[in-house]
Amino acid sequence: MGHLLDTGEDRVLKRAKLERLEPMEIVEKYTRSYFEDMDALNVQRPDISPRASGHIPEQIELVKILLEKGYAYEVNGSVYFEVAKFPEYGKLSGRRVEELLKGVRIEPNPEKKHPADFALWKRAEPEHIMRWPSPWGWGYPGWHIECSVMSTKYLGQPFDIHGGGMDNIFPHHECEIAQSEAAYGVQFVRYWMHNNMVTVEGTKMSKSLGNAIYLKDLFKRYAPLTVRFFILNSHYRSPLDFSDEALSAAEKGLERLWNTVREVRDRIPFAETGPVPDEVKEAIEKHKADFLTAMDDDFNTAQALGVLFDFSKSVNTWLAREEALSKETLMAIDGLYRELGNAILGIIPDEFPQEVRGELEVPLIQLLIELRQEFRQAKEWDKADRIRERLQELGIILEDTPQGTRWRRVRQGVKA
RNA sequence: GGCGGCGUAGCCAAGUGGUUAAGGCAGGGGUCUGCAAAACCCCCAUUCGCCGGUUCGAAUCCGGCCGCCGCCUCCA
């Protein structure tokens, strides 16, 4: 369903005309683009992504039920939900119907019995392309009914968690509750999770202000997992402010985490078999428990990340010791990173990307490392340092370790 | 005007009645290193927007005020 812009135009139709495409092509195009961004952010795809326009009969059915039960009334081919018949209206947002009227700055729709009543079905004039036949004539569904219908069709009623932005609490989620609970007489949703708003450099993000950030653009400057880490670093109920300073700090922090995990994984193939020290076992158990406690507390991802950093500090200390860690120890540590950092938070990749641009890149870097090693052995420090500096300028960082020289890319995952 | 969220160090950000206010970034000092990098150790908020109050005790509870954000509109 396109639904209307401030200008009264249909959102999808406007876009379709502009791009000279079928309305459904527009929907498909933006849906795919959205999934691309979510894939990059390591967000799992939903099992079902229902479309409102694919559920017109079900929506009509719900409107019929509400009419039959007396919660709705029809006027001129439109159907409205009568808020006065549902005393609990406002229970989610803490509003009272009487209070709502005071702030109304728009002249009430004369078709409505009460200004707070909302549309379940709207009559559509012939020029409105997205319209369907119904018992009340040609029209299209109201602005909240699709969510009630599609969520309960696939999840049942009640279902466990309904997410969404805080800005949708009223009227959208309030209306969903009214429709669904009035129709079926049982609770609609068990838990509501409302994330706070996103700002850019302290001001709200909006197209008209020209400060909107598109993920595809952001990914050119910061790796998608950096953005994910940044988002996870604050609680979902807190406002999220995008700034270069904050994103850069997140990038550094994630790199620190990755450095430790990379070191652990690099050592596994060369490590000797041996027992896992009690100290390590206990630390793994403790940090895992702390992590899960944080997540169980209303998805406190920020605190959970703190636990991961605490754990890494211990790991780094073990790694820096003289005695080598056994293969079992390293694998146990990596196992916790995979469980908490990968499976749960999705910020530590299964495998770190090499980001090779061409087949020649890796052998050439290795050649330069060899040459530099020879200069170092000859104590020709200026030449050795020049190789390291020039490579760094190219985005390759060299690190000398007791096991030899390692290299990695600066700002991994950022599309050049 | 009403409803809701937020306001914690230079920056980001946990913590919502009780020992020393997590963690990350930045900064300072040290260890390691040929020098770096990475890593480790130490330092870095007697104080939690402001003002009152409750309490033996408050960032945490109550009242008032200020600031940012959102909603109160047929965007969904």
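In the text below, chain A, chain B and the rest are named by the order of the sequence lines, each starting its count at 1. Any value given below was found using the heavy atoms of this structure, including those in side chains, with hydrogens, waters and symmetry copies removed.
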For a quick check of understanding: with a heavy-atom distance under 4.0 Å over all strands, which category does [X] fall into, base, sugar-phosphate or nothing?
X: A/Arg123; answer: nothing
X: A/Met166; answer: base
X: A/Ala119; answer: nothing
X: A/Arg256; answer: sugar-phosphate

Looking only at heavy atoms, what is the nearest atom pair of [X] and [Y], with distance?
X: A/Leu120; Y: A/Ala72; value: CD1-CB, 3.6 Å
X: A/Leu240; Y: A/Phe242; value: CD2-CE1, 3.7 Å
X: A/Gly253; Y: A/Phe229; value: C-CZ, 4.3 Å

Taking only side-chain N and O atoms of [X], does any of them lie within less than 4.0 angstrom of OP1 or OP2 on [N]?
X: A/Lys122; N: B/C74; result: no
X: A/Thr317; N: B/A39; result: no
X: A/Lys313; N: B/C41; result: yes
X: A/Asn316; N: B/C40; result: yes
X: A/Asn196; N: B/C69; result: no

Closest nucleotide of RNA chain B for A/Leu257 versus for A/His235: which of these residues is on the 5' side?
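Result: A/His235.
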
With nearest nucleotide decided by heavy atoms, which residue, A/Thr199 or A/Val307, maps closer to the 5′ end of RNA chain B?
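Looking at the nearest nucleotide for each, A/Val307 comes out on the 5' side.
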
If I pick the [atom1] atom on [M] and the same atom on [N], what distance separates them, to the nearest angstrom?
N: B/G57; M: B/G18; atom1: C1'; result: 6 Å
N: B/C6; M: B/G53; atom1: C1'; result: 24 Å
N: B/A21; M: B/A9; atom1: P; result: 15 Å
N: B/C11; M: B/U46; atom1: P; result: 14 Å
N: B/A13; M: B/A59; atom1: C1'; result: 14 Å

Roughly how many Å is it from CH2 in A/Trp121 to C1' in B/C74, rounded to a whole number?
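In whole Å, B/C74 C1' lies 15 Å from A/Trp121 CH2.
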
Distance criterion of 3.5 Å, no angle test: do you see the side chain of A/Asp385 paired donor-to-acceptor with the base of B/G34?
yes

Establish whether the base of B/C71 is bridged to the side chain of A/Arg95 by a donor-acceptor pair shorter than 3.5 Å.
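Donor-acceptor pair under 3.5 Å: yes.
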
With no hydrogens and no angle check, just 3.5 Å: does a side-chain donor-acceptor pair link A/Asp117 and A/Tyr89?
no

Between A/Arg390 and A/Glu393, is there a salt bridge with N-O shorter than 4.0 Å?
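Between A/Arg390 and A/Glu393 there is a salt bridge, with a charged N closer than 4.0 Å to a carboxylate O.
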
Using Watson-Crick geometry (N1-N3 plus N6-O4 or O6-N4) or G-U wobble (N1-O2, O6-N3), each under 3.5 Å, B/C25 is paired with B/G10

Under the criteria of a ring-centre distance below 5.5 Å and an interplanar angle below 30°, is A/Trp381 stacked with the base of B/G34?
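Per 5.5 Å and 30° rule: yes, stacked.
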
